[in-house]
Amino acid sequence: FPKAINSEAINSIHNDATKFRLNLNKNEICGVYAEKQYFLTNLLSVSKTFYDFVTSKIILDICKKYLGNEFRLKALRYYETYGQHNMQWHTDNKTDRGFEHIPGIIFIFYISDVEDGQFQYIEGSHLWSGKKAYSNYSNEFIQKNYKEKIKDFKFPKGSLIIYNTYGIHRAKSVSTKNFVRKSVFFQVDSEIENSEPIIL
């Protein structure tokens, strides 16, 4: 959904997520730098705008129509992906125990315009990936077998992507060193006993 979220809301979430970044000797919630990415997993605790969006009627209605009456927020993060980051093709229906048959949906929205390093999805992969019972796929495998099914999502800031957790996807790698792609991710699953730690 191109430009689904207005610029005011996007700017508010971005400002909340990057206000403290990495702090030493301060009692503030801040993010983490991991190789070629920056993450803030506690976005609910610093951004009322994000909280209002995640708990909005439209998000809850989408989850209920797709997953039924029982579902929970499993994971969330604001993240910045930098140049030369290499993301493997994968699915998101996994736990710390490995692959699991857990229905779920992912919401991603762009905090910046995305013309490169875009989200990529293998069309129809949610229909068959569960039969393979593993979550990670090599680029060679995808290029050989599903090259024609790769869908690119180059969209402006505020665009929203919703997809099935069984779908095979990645962020396209970018070789430019000074590249930055800013996004927000959250996952909702039908399995309600397990999630990442969530701070409100």
Side-chain angles (χ1 to χ4, degrees), residues 1-2 4-5 34 37 39 41 43-44 50 53-79 81 85-111 114 117-155 159-174 181-198:
F1 304 96
I5 305 167
Q37 288 188 306
F39 292 95
T41 57
L43 192 54
L44 282 174
F50 177 69
F53 179 69
V54 170
T55 59
S56 66
K57 184 177 186 312
I58 190 166
I59 296 298
L60 295 175
D61 284 349
I62 289 169
C63 293
K64 187 174 287 189
K65 286 178 183 177
Y66 197 78
L67 299 171
N69 289 325
E70 283 199 337
F71 52 86
R72 73 166 296 161
L73 184 62
K74 176 181 180 177
L76 63 129
R77 64 188 60 94
Y78 165 88
Y79 62 103
T81 302
H85 173 74
N86 189 21
M87 181 181 287
Q88 185 172 11
W89 290 98
H90 65 283
T91 67
D92 286 324
N93 56 331
K94 54 186 180 243
T95 68
D96 55 0
R97 300 177 303 276
F99 180 91
E100 295 279 349
H101 286 287
I102 302 171
I105 48 178
I106 306 287
F107 298 80
I108 289 179
F109 57 89
Y110 290 157
I111 299 292
V114 176
Q118 69 274 12
F119 176 81
Q120 295 181 306
Y121 188 90
I122 306 301
E123 184 179 16
S125 59
H126 64 289
L127 300 172
W128 54 262
S129 73
K131 296 172 186 171
K132 295 189 177 294
Y134 54 86
S135 297
N136 295 319
Y137 298 80
S138 71
N139 191 45
E140 292 75 23
F141 173 82
I142 296 298
Q143 292 297 324
K144 180 180 177 183
N145 298 288
Y146 298 101
K147 185 177 181 179
E148 302 303 316
K149 294 288 187 179
I150 297 174
K151 298 299 175 187
D152 288 288
F153 292 81
K154 295 181 180 181
F155 283 134
S159 298
L160 174 66
I161 301 162
I162 305 171
Y163 63 95
N164 187 307
T165 55
Y166 283 75
I168 300 170
H169 63 280
R170 72 170 185 182
K172 181 177 172 284
S173 59
V174 176
R181 182 189 72 148
K182 301 175 183 180
S183 306
V184 170
F185 155 103
F186 63 97
Q187 179 172 346
V188 180
D189 280 352
S190 61
E191 196 277 316
I192 62 172
E193 299 301 321
N194 183 45
S195 83
E196 291 181 356
I198 294 174

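Positions are given from 1 along the sequence.
Residues satisfying the salt bridge (Lys or Arg N to Asp or Glu O under 4.0 Å) criterion with K154, sequence neighbours excluded, are absent altogether. Residues forming a side chain to side chain contact (heavy atoms under 4.5 Å, CB included) with F1 (at least two apart in sequence, or on another chain): A4, L160, I162. Considering only residues two or more places apart in sequence or on other chains, Y146 meets the ring pair (Phe, Tyr, Trp, His ring centres under 6.0 Å) condition with W128, F141. In this structure, the side-chain hydrogen bond (donor to acceptor under 3.5 Å, both in side chains) partners of Y79, at least two apart in sequence or on a different chain, are R181. Applying the ring pair (Phe, Tyr, Trp, His ring centres under 6.0 Å) test to F186 and every residue at least two apart in sequence or in another chain returns F50, F107. Evaluation of the side chain to side chain contact (heavy atoms under 4.5 Å, CB included) rule for I192 yields E70, R72 as partners, not counting sequence neighbours. In this view, K57 and D61 satisfy the salt bridge (Lys or Arg N to Asp or Glu O under 4.0 Å) rule, not counting sequence neighbours. With sequence neighbours left out, D152 forms a side-chain hydrogen bond (donor to acceptor under 3.5 Å, both in side chains) with Q118, Q120. Qualifying salt bridge (Lys or Arg N to Asp or Glu O under 4.0 Å) partners for K172, counting only residues two or more places apart in sequence or in other chains: D116. Among residues two or more places apart in sequence or in another chain, the side chain to side chain contact (heavy atoms under 4.5 Å, CB included) test is passed with S159 by P2, Y110, F155, P156. Residues passing the side chain to side chain contact (heavy atoms under 4.5 Å, CB included) test with N139 are W89, Q143, R170, sequence neighbours excluded. Legend: residues meeting side-chain hydrogen bond (donor to acceptor under 3.5 Å, both in side chains) with T81, ordered by chain and number and at least two apart, are Q37.
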